[in-house]
Amino acid sequence: MARHFGVIRFPGSNCDDDALHIVNTVLADRGATGEILWHKEHSVGQVDGLIVPGGFSYGDYLRAGAIAAHAPIMESVKAFAKAGGPIIGICNGFQILCEAGLLEGALTRNESLRFICKDIYCRIEGRPTPFSKDIPAGRHIRMPIAHAEGCYRHPDVERLEGESQIIFRYCDADGNVTSDANPNGSINNIAGICNASGNVVGLMPHPERACEDVLGKGGSAGLGLFESALDSLANSGAAR
Amino acid sequence: MKAKVYVTLKSGVLDPQGQAVGRTLGKLGYEGVKGVRIGKYVEIELEGHDPKHAEEEVTKMCNELIANTVMENFRVEID
């Protein structure tokens, strides 16, 4: 049963238990399980997928994600990525994966300089990834964001566009990608991307906070990302 | 020895902090301010006495950790 997820916990992670709750509880009836992996471990062990959760790892000292990117467990995370294992980085997890070189680009201070905590919409597009392939391209879903450093930058964004590596793009409630719908000044309204192989995904919105109807207007749209990962694991057998 | 590292945003990278400071300087009556860019200054105390080796080491440190070269430039001075 290839449905075991590791959730990496750094000092300062604060969405780790939320992510674990999704796989251990919300998706338990689909056979998903999860465990917390402490950042000082040197191996991710026998997991089929990895979640790098949100928070303020190492207090976001120096730059968001910069210190966590060099944590002991990251060498094993890089090996897992290279072997094709599915990895999703959410918010601070996205920042960590960029700082670790597993995803391209960088996340900088929001254009407004404010910490922004609100629901946004983003459109799913780009190439199929383990975390998006079950969601029809062009669909837009509502998820919360909560970040101060979510302004995505890339020195050659046209190449990313050309390679269909933009997976999530901020849009309005009707699915239109407009500058007004861009909460933080990200280039080309980018909310999330994948790596060149498509198995590593990072996004600033929080799908794990939008997996149960009880959690507000966003409903359970974020669950689609995790369900998609379960389906792709089921179809591919074990990831490794 | 001491290394002084100056980390600055690459030109073209938006600096909302610098813009906010620039606007506030304008409000304070400083009319001649054309632009403000904000960076970081890092001091590193080093063992050894070979400035050339120190500069190489600190340059490595900058590329690996201290600067994010996607959006930042850095300059190293050895004292």
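All figures in this text were calculated on a predicted structure; none of them were measured in a lab. Chain naming here is simple, since letters A, B, ... match the order of the sequence lines and numbering starts at 1 in each.
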Asks: For B:V70 and A:P155, which heavy atoms make the closest approach, and how far apart are they?
Replies: CG1-CD, 3.8 Å
Asks: So, for B:L65 and A:I67, which heavy atoms are closest and what is the spacing to 0.1 Å?
Replies: CD1-CD1, 4.4 Å
Asks: Only pairs under 3.5 Å, no angle test: what donor-acceptor pairs are there between chain A and chain B?
Replies:
residue	atom	partner	partner atom	Å
A:L62	O	B:K40	NZ	2.9
A:R63	NH1	B:L65	O	3.1
A:R63	NH1	B:I66	O	2.8
A:R63	NH2	B:L65	O	2.7
A:H70	NE2	B:E64	O	3.1
A:E99	OE2	B:N68	ND2	3.1

Asks: Minimum heavy-atom separation for B:P16 and A:L113, please, with both atom names.
Replies: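 Of all heavy-atom pairs spanning B:P16 and A:L113, the closest is O-CD1, 3.5 Å.
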